[in-house]
There are 2 protein chains.
Amino acid sequence: MGTKFKGSKEEIRALDVFIKLIRAADSVASRVESHLGNIELTVSQFGVLEALFHLGPLYQKDLARKILKSTGNITMVVDNLEKRGLVERIRDTEDRRHLSVRLTDKGTRLIRAFFPKHAGRIVREMSVLNASEQEQLGALCKRVGLQIGARASGRTTDRPS
Amino acid sequence: MGTKFKGSKEEIRALDVFIKLIRAADSVASRVESHLGNIELTVSQFGVLEALFHLGPLYQKDLARKILKSTGNITMVVDNLEKRGLVERIRDTEDRRHLSVRLTDKGTRLIRAFFPKHAGRIVREMSVLNASEQEQLGALCKRVGLQIGARASGRTTDRPS
DNA sequence: GCTAAATAGTTAAATCTTAAACTAATGATA
DNA sequence: TATCATTAGTTTAAGATTTAACTATTTAGC
């Protein structure tokens with residue numbers, strides 16, 4: 001990237017990788033997510049539907065951790081999905097503090113019809129790398145992401161698994 | 001990650017790399033940027049100061065491309081930096097549509113004093129990988145980020161360089 | 001059983017962000 | 001020069017996000 005920073009070899013290398021990592025993620029994500037507008041979903045809304053689709057009903061707390069957003073934000077995201085009849089909240093009878101969020105039939109139909117296109121986009125994005133390169137990238141990302149002493153990812157209490 | 005998605009080997013691999021890439025970038029960025037609050041700068045504000053520090057005066061258009069934000073957003077970011085006396089706008093006499101943004105002395109002192117700490121954080125983040133691993137990661141990120149047919153990164157007309 | 005601490009979720013205020021409409025300036029073309 | 005298209009930047013409206021304060025509920029210790 002164009003950064004004309006003068007520092008040690010080590011610094012230059014680290015800064016260069018950092019910016020490439022950030023830009024790659026941003027660029028891939030925005031291409032993959034650019035079609036969400038077609039079904040009137042924000043990235044967060046889609047993330048919630050996707051999580052519920054693959055994992056089944058989840059508490060809002062767990063949704064927040066999954067999509068890397070604050071619990072305050074989840075309240076609004078789920079509100080908006082609920083207004084459109086795509087998900088419903090169910091108060092847990094065991095522990096009444098918990099709200100379980102689950103897909104309605106309408107929500108299930110939407111995500112089931114749409115997810116394959118989404119997955120296809122991701123496959124296409126990643127296809128510039130062959131299988132072994134993809135695995136290398138995944139492994140390296142996992143290591144820098146996990147980082148010893150990693151803090152809350154800026155939000156809530158996310159801990160990449 | 002916990003995604004219980006059932007698909008082809010290829011799909012599973014691509015989705016897995018995708019989520020690892022997004023999460024790594026998010027997690028590293030939020031740790032590196034978490035200290036910006038100490039000097040009362042947002043991520044975008046810091047990005048502008050850093051770009052001006054390393055590249056010299058830039059037009060707002062170029063700043064937008066550099067920090068991956070819309071030109072509308074740059075107007076506000078530069079407004080806020082200008083209010084604090086960290087940057088100044090200079091109308092280009094050749095082409096009066098352009099506004100050149102440059103660091104004031106105060107802005108230069110701030111970024112000069114602060115940047116080394118920032119760079120240190122990045123070096124520390126990346127130090128879980130050795131030099132050759134860092135270079136591998138950088139090269140792989142560059143390839144997926146550039147992607148053939150890459151569109152606007154969601155904003156304006158950014159094209160990772 | 002009470003009380004204190006912890007947890008899940010909501011609300012409100014502040015900020016950031018974008019998209020789209022708009023203004024101003026430039027360039028191209030006749 | 002008159003007109004049309006393009007470009008840089010600003011403004012506005014709508015929405016997303018976070019933090020912190022708040023409510024409701026549960027758990028643990030006494």
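All chains are named by letter (A, B, ...) in the order of the sequence lines, taking the proteins before the strands, and each is independently numbered beginning at 1.
Residues in residues 126-139 of chain B take part in these salt bridge (Lys or Arg N to Asp or Glu O under 4.0 Å) pairs, two or more places apart or across chains: A/Arg143-B/Glu133. Counting only residues at least two apart or in different chains, salt bridge (Lys or Arg N to Asp or Glu O under 4.0 Å) contacts with residues 108-117 of chain B are absent. Each ring-ring contact (aromatic ring centres under 6.0 Å, His included) pair with one or both residues in residues 62-96 of chain A, not counting sequence neighbours, would appear here, but there are none.
One can place CD of B/Glu40 at 16 Å from P of C/dA14, the figure rounded to the nearest angstrom. Here the C1' atom of nucleotide C/dC16 and the CD1 atom of B/Ile67 are 11 Å apart, to the nearest Å. Rounded to an integer number of Å, the gap from NZ of A/Lys69 to P of C/dG9 is 17 Å. A/Gln60 has its CD atom 18 Å from the P atom of C/dT7, to the nearest Å. The CE-C1' distance, from B/Met76 to D/dT12, rounds to 11 Å in whole Å. As rounded to whole Å, 19 Å separates atom P of C/dT15 from atom CD of B/Glu33. One atom, OH of A/Tyr59, and another, P of D/dT25, lie 16 Å apart when rounded to the nearest Å. Look at CD1 on A/Ile74: it is 12 Å from C1' on D/dA16, rounded to the nearest Å.
Taking B/Asp79 as the reference, B/Arg89 meet the side-chain hydrogen bond (donor to acceptor under 3.5 Å, both in side chains) condition, with sequence neighbours excluded. For A/Arg102, the side-chain hydrogen bond (donor to acceptor under 3.5 Å, both in side chains) partners at least two apart in sequence or on another chain are A/Glu88. Looking at residues two or more places apart in sequence or on another chain, you find a side-chain hydrogen bond (donor to acceptor under 3.5 Å, both in side chains) between A/Arg97 and A/Asp95. Every residue meeting the side-chain hydrogen bond (donor to acceptor under 3.5 Å, both in side chains) condition with B/Asp92, not counting sequence neighbours, appears here in chain and number order: B/Tyr59. Applying the salt bridge (Lys or Arg N to Asp or Glu O under 4.0 Å) criterion to B/Glu33, with sequence neighbours excluded, gives no partner residue.
Nearest to the side-chain atoms of A/Asn73 among the listed nucleotides D/dT17, C/dT17, C/dT10 stands D/dT17.
Within a heavy-atom distance below 4.0 Å of DNA chain C, the residues of residues 41-49 of chain B found are B/Thr42, B/Ser44. Taken residue by residue, residues 89-103 of chain B places heavy atoms nearer than 4.0 Å to DNA chain D at B/Arg89, B/Arg97, B/His98, B/Leu99. Near-neighbour residues of DNA chain C inside residues 77-86 of chain A, defined by a heavy atom below 4.0 Å, are absent.
Summarising the geometry of A/Ala29 relative to B/Ile22, their closest heavy-atom pair is CB-CD1, 3.7 Å, with the distance given to 0.1 Å. Here the closest heavy-atom approach between residue A/Arg84 and residue A/Glu40 is recorded as NH1-O, 2.5 Å. The two residues B/Pro116 and B/Ile111 make their nearest non-hydrogen contact at CD-O, 4.4 Å. Closest approach of B/Ala25 and A/Ala25 over heavy atoms only: CB-CB, 3.4 Å.
Here the two rings, on B/His35 and B/Phe114, have centers that are under 6.0 Å apart.
Between atom CD1 of residue B/Ile74 and atom NZ of residue B/Lys69 there is a gap of 8.0 Å, rounded to the nearest 0.5 Å.
In this model, the phosphate group of C/dT7 is not approached by any side-chain N or O of A/Lys61 to a distance below 4.0 Å at OP1 or OP2.
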I'd like a table of atom pairs between the protein and nucleotides 20-22 of chain D - only N or O on both sides, under 3.5 Å - with the distance next to each one.
none

